[in-house]
Structure formats: C-alpha cells, structure tokens
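First the structure, in the form of structure tokens, and then the observations on it.
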2 protein chains.
Amino acid sequence: MLHTDSAKLLETKTGWKQNPEAVRMDIIKIATAEFAQNGLSGARVNEIAAKTKTSKRMIYYYFGDKDGLYQQVLIEAYREVREGERELDLEHLEPLPALKKLVEFTFEHHRRNPDFIRLVMIENIHHGDYLKHSPLIQTLNQPVIERLERIYARGLEQQLFRAGITALELHWQISALSFFNVSNEATFTLSFGKQLFTKAGQASLKKQVVEMILRFTLRPALIEQYLSHPQA
Amino acid sequence: MLHTDSAKLLETKTGWKQNPEAVRMDIIKIATAEFAQNGLSGARVNEIAAKTKTSKRMIYYYFGDKDGLYQQVLIEAYREVREGERELDLEHLEPLPALKKLVEFTFEHHRRNPDFIRLVMIENIHHGDYLKHSPLIQTLNQPVIERLERIYARGLEQQLFRAGITALELHWQISALSFFNVSNEATFTLSFGKQLFTKAGQASLKKQVVEMILRFTLRPALIEQYLSHPQA
DNA sequence: TATAATTTGTACCATTTGGTTCATTTGGTC
DNA sequence: GACCAAATGAACCAAATGGTACAAATTATA
C-alpha cells in the first residue's frame, strides 16, 4: 500500500530497481517542511516518517539520526535557493538597473521561499551549530558578493555610485531588509497591524527598499535625476 | 537548603512572609534565558526548575503549564525592552540629530538584548501564536511609531526631510537593519566570515545603517551638506 | 489554639520520542 | 537457481518529558 505511489517514482530504470536518490529526496522534501514548520526539536521523526513514502527505518538508514537529517535538509535548502539566484543575469545591464533588479529579486526571492527563511532562522537559534560542520556554505555564498562587487565597481567607474561602500556591507543591508520582511511578519503584524503585509503594503515596501539602497549608493547629485518622484 | 538564598528575597515584609511576586520573577528570569537559548520545545521544564530557587511544582502552580510560562516570559521581555526605550528623550533635539540618535540607539539596544531578539525569533517561528493571545503588545509598541512620527513631521516642517515617507515604514526599516544584525549573526558569519561582527565591523555597520536611514530621509540636496564624508 | 487557605516538596506516572533489533524482501550476479 | 549485498518493514525499547497526586508546612484568621 505504501508502495502504490512510490513505485512510479522508483521504476525509472528496468522493472522495480531501487532508486535511493529518489527516496532520499522524498525524505528531505518532507523533512524540510516539517523542520521549517516546527524547528529542530519541535519536529518529530515519527511525523516526518509518516508523511514520507517510505518508513522511519529508512530515515535512519540514510541519515543516521535526526541531527543528520536536519543537517542535510539545511544544506539542500541553501543549495536550492542559491541555485535559483544563479539564473539572474546582471552583467549585461547598466550598474543602476542591475542593482535595482538585484534588490527587487532578492526581496521577492525571500518572500517566495519562506521555508528557507524559517530554516535559516532556526539555524540561527542554534547558533549555526549544524552549518558549522559543512564547509560547503562559504563556497555556496561567495558568488553573491562577487556579483555585487562587479556591479559596484562598474558604477564607480561610471561615477554613478559614491565611493566608500563595500559590497559585503551592501549585501548585508539588502539581505537584512529582505529577510526581516519574511522572518518577522508575525510579530510585526501583531505589534503594528497588517498594513505592510497586504499586497499593496508589500509592493510599497519593496519600492521603498529599492529606493533605500539606491539612495544609499548613488552619488547625491544624481538622486533626483535618476529616481522618479511622482508626488513631489 | 533551597531556602538559604530565597529566604533573603522573601522576607521583605515581617518574618517569613511568602512573596509570590519574587518567586514568579525568579522563575521568569531563568525561563527567559532557557527559552531564548533552546526555543519553546527545546527548553526543558525540569531544567528551568532545577536552575530556579524554587521547584517545578511552583512553575505549574504559577503558570499552569509550559506554554503559559513561555507566554509570560514573552510578555515580560517585551515590556522590559520597551521600558528601556522610554528613557530616550528625542523631543528636545532637532529632527536630524533626533533621527540619528534613534537609529543608533535602536541598533545598540538590539545588540545589547540578544535574548529578547532570540525570543522574538522563536515567537515568529511559532507564527506569533502565543503573542496573539495578549492584546497588550499593540499598546506596548504604539509609542515607538508615534515618536518617530513626531520627528518626521518636524523634519518635514523644516524642509529637511523629503515627503512621501511613512513613519511605519521607516520604523520597519530601522528595525529590519537592527534586528537582522543580531538575529542572523551566526549564519552570516558562516557564510561570509566574521568581518562585520568584530568591534570595528559593528562600528562601521552602525555608521552605515545610520547613513542609510538619513540618506533615505533627507532631501537629496541637503545630503552633502549634512553628512560628513571623510575620505572623498 | 482550632481551622481554613495558601504555598511548597517528594515521589510518581503516562505518554512521547528518538532510536534499534531482527527478520525479510529484492535485485543483481555467477 | 544459489548466493550475496543492498534495501525495507514491523514491532519494540529505554530514556526523557510534561504534568500530577498527595501530603506537609506555613500563614492568616476567628
């Protein structure tokens, strides 16, 4: 009975053919949602197993223990999200539109991946203890900075951007604004109402975030010229 | 033996005299640290009880169950943090210094209260379910917006600030930058190195955050004039 | 001082939870 | 088709965990 569904996935080769990779990914998918929803200690291995196409036995067979599963979930989540960012082609754009597009994309990308955001929150609650053991992450994240660096360098060259800004700090700022928007929606809403989290509110917020980054980066003399201001 | 210490706290009135409020606060103090460190499901009632001057029995006597304790911890944390913000007197300052001081204060205040930040993170993981049942929070948070509103209104009047900004969005932005700085330190460090979290890195970051808010708020024509720029 | 109400300590319990044991099935290979 | 290694299922377990029963101590009160 458990196999009526999974059989389809598993018989990619001849006949039955065991397909560990598919089973592994099925477990990770389910576990991702479960950890994101309930946290590390909040998630239940039994619950994860029940929602999986396979059994608890398999979770321990493939991942050793709960922590091992959580760790793989984390890494997979990072990989997938960073993968999604790679499509973004900014090299052929002028510095200002490139920066604008990058900010908009980051803002939307975070919004579209709340489970990833939640996993990162959870990992931060744990002081990054599980990501520590995976040297893969630096490699995975480095390109983000380099891309931003190139945009900034071009903007400097063209005397569009002011000097004295580091790509790392700029990335930090873009991340902060985009991350917080998703991570703290619940408490912010309870404290100050839903306004900012309606469709209109989010659109406005995105625009403001873009403006904030651009006004920070542009040479002041160019701000009026490059930013449209509808009502004043 | 348990009473050798607590007795001192408890005999504020005549003789022994039970002092529930002191016991309650002792429990909350310990529980705050424990929840902040381990999350809701991660924290252990037994552990909290052990570190307390009193017993597990008392926790259930005063707070009903684990959730009840967590809820009180949350509310108390909010109250205490907001209390700390009230000392800030901005009314007698000119709009620009007032805004600058507010941003700097928020940035430092978050940094100084990591346990509060962690509790808010945890509560967001739980979709704000426990704060929902406490109508006190809106009341507790409203003043922050009003204070910012007054600063902005004065800045507008003096033609220092540009039009079209809402106090709520501005507060959101200040919060985002200050919150993220503490909440995501672990994963950000693992991804991009410790640079931004050394003493020098944090000082720079604070300065950049202030600049970002001011450049966003000031009328462009006034930026060069009001912001010092040492190296260019 | 008898009595009622509040407060606290000890021992205990039912359930849940992460994790395992053992046996079986499956697919490939000689 | 005999045999082996990989993969899987079901029942089971010890420990941890939130929570409680019961009784004792303390205080206030009449």
Side-chain angles (χ1 to χ4, degrees), chain A residues 1-28 30-31 34-35 37-73 126 130, chain B residues 1-27 30-31 34-35 37-73 130:
Chain A
M1 175 180 168
L2 269 178
H3 270 288
T4 43
D5 274 353
S6 63
K8 289 167 201 161
L9 273 173
L10 292 170
E11 57 194 351
T12 46
K13 301 180 184 176
T14 56
W16 187 85
K17 207 76 177 196
Q18 45 234 72
N19 185 346
E21 216 33 53
V23 175
R24 243 186 71 97
M25 282 312 293
D26 175 43
I27 295 174
I28 289 211
I30 301 289
E34 213 63 19
F35 281 125
Q37 203 59 26
N38 307 308
L40 173 48
S41 42
R44 302 297 164 213
V45 177
N46 286 322
E47 188 67 18
I48 294 173
K51 296 188 179 177
T52 294
K53 298 203 197 76
T54 178
S55 66
K56 182 161 71 158
R57 179 71 184 74
M58 280 297 94
I59 293 178
Y60 285 94
Y61 183 71
Y62 283 127
F63 300 97
D65 58 9
K66 190 186 184 182
D67 284 1
L69 174 57
Y70 169 73
Q71 205 168 342
Q72 290 307 308
V73 162
H126 294 284
Y130 297 88
Chain B
M1 175 182 171
L2 268 178
H3 271 289
T4 43
D5 274 354
S6 64
K8 289 167 198 160
L9 273 175
L10 291 170
E11 57 194 350
T12 47
K13 299 183 185 175
T14 55
W16 189 83
K17 208 79 178 193
Q18 44 234 76
N19 186 347
E21 215 34 52
V23 175
R24 243 186 72 96
M25 281 314 290
D26 176 45
I27 295 174
I30 302 289
E34 214 62 20
F35 281 126
Q37 204 59 25
N38 307 307
L40 174 47
S41 41
R44 302 298 164 212
V45 177
N46 287 322
E47 189 67 18
I48 295 173
K51 296 188 177 176
T52 293
K53 298 204 198 77
T54 178
S55 68
K56 183 162 71 157
R57 181 68 187 76
M58 278 298 94
I59 293 177
Y60 286 94
Y61 182 71
Y62 283 128
F63 301 97
D65 58 8
K66 192 185 183 182
D67 285 0
L69 174 58
Y70 169 73
Q71 204 168 341
Q72 290 307 307
V73 162
Y130 297 88

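The analysis underlying the following values was restricted to heavy atoms, covering all of them including side chains, and did not include hydrogens, waters or symmetry mates. To find a chain, count down the sequence lines: A is the first, B the second, and so on, and within it residues start at 1. Remember, it's a predicted structure, so these values are computed and weren't measured experimentally.
Atom P of nucleotide C:dT16 and atom CG of A:Asn38 are separated by 16 Å, given to the nearest angstrom. Computed from coordinates, the A:Ile59 CD1 to D:dA7 P distance equals 16 Å when rounded to whole Å. Between the P atom of C:dG18 and the OH atom of A:Tyr70 lies a distance of 15 Å, rounded to the nearest Å. Atoms CZ (A:Phe63) and P (C:dG19) sit 14 Å apart, rounded to a whole Å. Distance A:Tyr61 OH to C:dT21 C1': 16 Å, rounded to the nearest Å. Between the CD1 atom of A:Ile48 and the C1' atom of C:dG18 there is a distance of 11 Å, rounded to whole Å.
Residues B:Val23 and B:Tyr62 come closest through the heavy atom pair CG1-CE1, 3.6 Å. Minimum interatomic distance between B:Glu34 and B:Ala43 (heavy atoms only, all atoms of both residues): O-CB, 4.0 Å. The two residues A:Ile48 and A:Ile30 come nearest to each other via the heavy atoms O-CG2, 3.7 Å. Of all heavy-atom pairs between A:Ser55 and A:Ala49, the closest is C-CB, 4.2 Å.
The side chain of B:Tyr62 places an N or O atom within less than 4.0 Å of a non-bridging phosphate oxygen (OP1 or OP2) of C:dT8. Contact check, B:Ser55 against C:dG9: a side-chain N or O comes under 4.0 Å of OP1 or OP2. Here A:Thr54 does not reach the OP1 or OP2 of D:dA7: none of its side-chain N or O atoms lies under 4.0 Å away.
Once rounded to the nearest 0.5 Å, the distance linking CD1 of A:Ile27 with CZ of A:Arg24 reads 8.5 Å. Atom-to-atom distance recorded for B:Lys66:NZ and B:Arg44:CZ is 5.5 Å, nearest 0.5 angstrom.
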Whether each nucleotide of nucleotides 11-21 of chain D has a protein heavy atom under 4.0 Å at its base (B), only at its sugar-phosphate (S) or at neither (-) is summarised, 5' to 3', as ------SBBBB
